[in-house]
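Report on the following structure.
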Amino acid sequence: MADEPQRHKKKEEEEIEQLKEVEHKESLMDKISEKLHGHDSSSDSDQDDKATSVKSKIFRLFGREKPVHKVFGGGKPADIFLWRNKKVSGGVLGGVTAIYVLFELIGYHLLTLICHSLILVLAVLFLWSNASSFINKSPPSIPKVHIPEDTVKNIASAIRSEINHGLAILRDIATGKDLKKFLIVIAGLWILSILGSCCNFLTLFYISFVLLFTVPVLYEKYDDKVDAIAEKAFREIKKQYAMFDAKVLSKIPKGPSKDKKKA
């Protein structure tokens, strides 16, 4: 059990070393190509082929250039999602599961849960305070709870930034600049609409939370095998998209370009 964090750390160091090795080979290839720039075009093409083969030697899912732990920020949230501390991760997942069972399966309501919890806590503290003279034990001190202003501002600023980024992406898609991105977004929204018709928001949120606690840790453990399969899948998707583009998309009539309109 104690050796598992060391094993994850060793694996991350190995991935970093592999990436550094590839970058070193790429820079070496660039230097060689610069020295041989005055030679014939055949030697230049050979160097380009070698550099391309080096770049494509290691395929990472979604272009990942860092270990999985670093992708999640490398802090306590990453430790929780990747089960570095099994007690904390299990406690968080168990708490979310208990909330889901209360609200979805038993039919409890949020306002009812908050009121019942406050009634229980206030009743215990009130009775303990009045009975402290009989049991010769003072009740626990109740700390002052307040929400820091800076924390609220930082959270609001982060949410605003993400919303603006999403709106900018939607605007670029709506202007028709990238057909591939448009098809991906439409397919994603269509899949979400199907999931939304099959289950409610709370169930969808719980499924996403469980996937967040299982998929990253499994990917970190079997990343080499997953990356190899993903590489084959992406090649096949690109091949099918090229065929679809040649047979369908290229035949769709397009409006006049901006240059022609200006002329």
Side-chain angles (χ1 to χ4, degrees), residues 1-27 52-101 154-155 158-159 161-162 165-166 169 180-181 184-185 187-189 191-192 194-195 198-199 201-241:
M1 298 291 288
D3 295 336
E4 191 163 347
Q6 296 179 356
R7 181 173 62 83
H8 288 298
K9 187 176 180 181
K10 185 177 180 181
K11 190 172 183 180
E12 291 174 5
E13 292 175 352
E14 289 176 355
E15 289 185 3
I16 294 173
E17 290 296 329
Q18 288 179 354
L19 294 171
K20 287 182 179 179
E21 184 179 354
V22 172
E23 291 176 357
H24 176 69
K25 288 181 180 179
E26 290 178 2
S27 61
T52 304
S53 64
V54 170
K55 288 181 181 180
S56 60
K57 186 177 180 180
I58 296 180
F59 176 87
R60 296 298 182 190
L61 194 61
F62 304 118
R64 179 173 62 89
E65 297 180 355
K66 299 178 181 179
V68 180
H69 190 266
K70 296 293 182 182
V71 172
F72 278 87
K76 291 184 178 179
D79 293 339
I80 293 173
F81 292 138
L82 297 175
W83 293 78
R84 293 292 192 269
N85 190 331
K86 289 183 170 55
K87 291 183 179 179
V88 176
S89 301
V92 172
L93 185 59
V96 174
T97 302
I99 293 173
Y100 174 74
V101 170
N154 291 335
I155 294 173
I159 294 174
S161 177
E162 292 297 328
H165 181 65
I169 293 175
K180 186 177 180 180
K181 189 181 291 184
I184 292 173
V185 171
L189 292 174
I191 292 171
L192 282 176
I194 294 175
L195 291 176
C198 296
C199 56
F201 179 75
L202 183 60
T203 302
L204 187 61
F205 175 79
Y206 178 68
I207 292 173
S208 302
F209 199 87
V210 173
L211 290 176
L212 189 61
F213 268 76
T214 53
V215 174
V217 68
L218 291 175
Y219 172 67
E220 186 186 37
K221 189 175 182 180
Y222 304 104
D223 57 347
D224 294 334
K225 297 179 181 179
V226 173
D227 288 338
I229 296 172
E231 184 177 9
K232 296 178 181 178
F234 274 109
R235 286 178 181 175
E236 185 63 26
I237 291 172
K238 288 180 179 179
K239 181 180 177 181
Q240 296 297 328
Y241 178 77

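Just so it is clear, the model here is predicted, and its values are computed rather than measured.
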Please enumerate all residues that pass side chain to side chain contact (heavy atoms under 4.5 Å, CB included) together with [X], with sequence neighbours excluded.
{"X": "Ser208", "result": "none"}
{"X": "Glu162", "result": "none"}
{"X": "Ile229", "result": "none"}
{"X": "Val215", "result": "Leu211"}

**OP:** Using a strict cut-off of less than 4.0 Å between a Lys/Arg side-chain nitrogen and an Asp/Glu carboxylate oxygen, indicate whether Arg84 and Glu220 qualify as a salt bridge.
**Re:**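 Salt bridge: yes.
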
**OP:** State whether Glu231 and Arg235 are salt-bridged, where the test is any N-O pair (Lys NZ or Arg NE/NH1/NH2 against Asp/Glu carboxylate O) under 4.0 Å.
**Re:**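 Arg235 and Glu231: salt-bridged.
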
Subject >> Ile99 and Tyr206, any side-chain heavy atoms less than 4.5 Å apart >> reply: no

Original post:
Do Lys76 and Asn85 have side chains that get closer than 4.5 Å, going by heavy atoms?
Top reply: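 No, too far: nothing below the 4.5 Å cut-off.
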
How long is the straight-line distance from [atom2] of [Y] back to [atom1] of [X], given to the nearest 0.5 Å?
{"X": "Asp227", "Y": "Phe234", "atom1": "CG", "atom2": "CZ", "answer": "10.0 Å"}
{"X": "Leu93", "Y": "Ile80", "atom1": "CG", "atom2": "CD1", "answer": "11.5 Å"}
{"X": "Leu82", "Y": "Leu212", "atom1": "CG", "atom2": "CG", "answer": "9.0 Å"}
{"X": "Leu204", "Y": "Cys198", "atom1": "CG", "atom2": "SG", "answer": "10.0 Å"}

**OP:** Return yes when atom CZ of Phe205 has more than 12 non-hydrogen atoms of other residues, nucleotides or ligands closer than 6.0 Å, and no otherwise.
**Re:**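 No - once you tally the heavy atoms of other residues, nucleotides and ligands closer than 6.0 Å, there are 12 at most.
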
Original post:
How far apart are the closest heavy atoms of Phe81 and Val217, and which atoms are they?
Top reply: O-CB, 4.4 Å

Original post:
Which pair of non-hydrogen atoms, one from Gly90 and one from Trp83, has the smallest distance, and what is that distance?
Top reply: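 Residues Gly90 and Trp83, closest heavy atoms: N-CZ3, 3.7 Å.
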
Original post:
Under the ring pair (Phe, Tyr, Trp, His ring centres under 6.0 Å) test, which residues partner Phe209, sequence neighbours left out?
Top reply: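 Result, ring pair (Phe, Tyr, Trp, His ring centres under 6.0 Å) vs Phe209: Phe213.
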
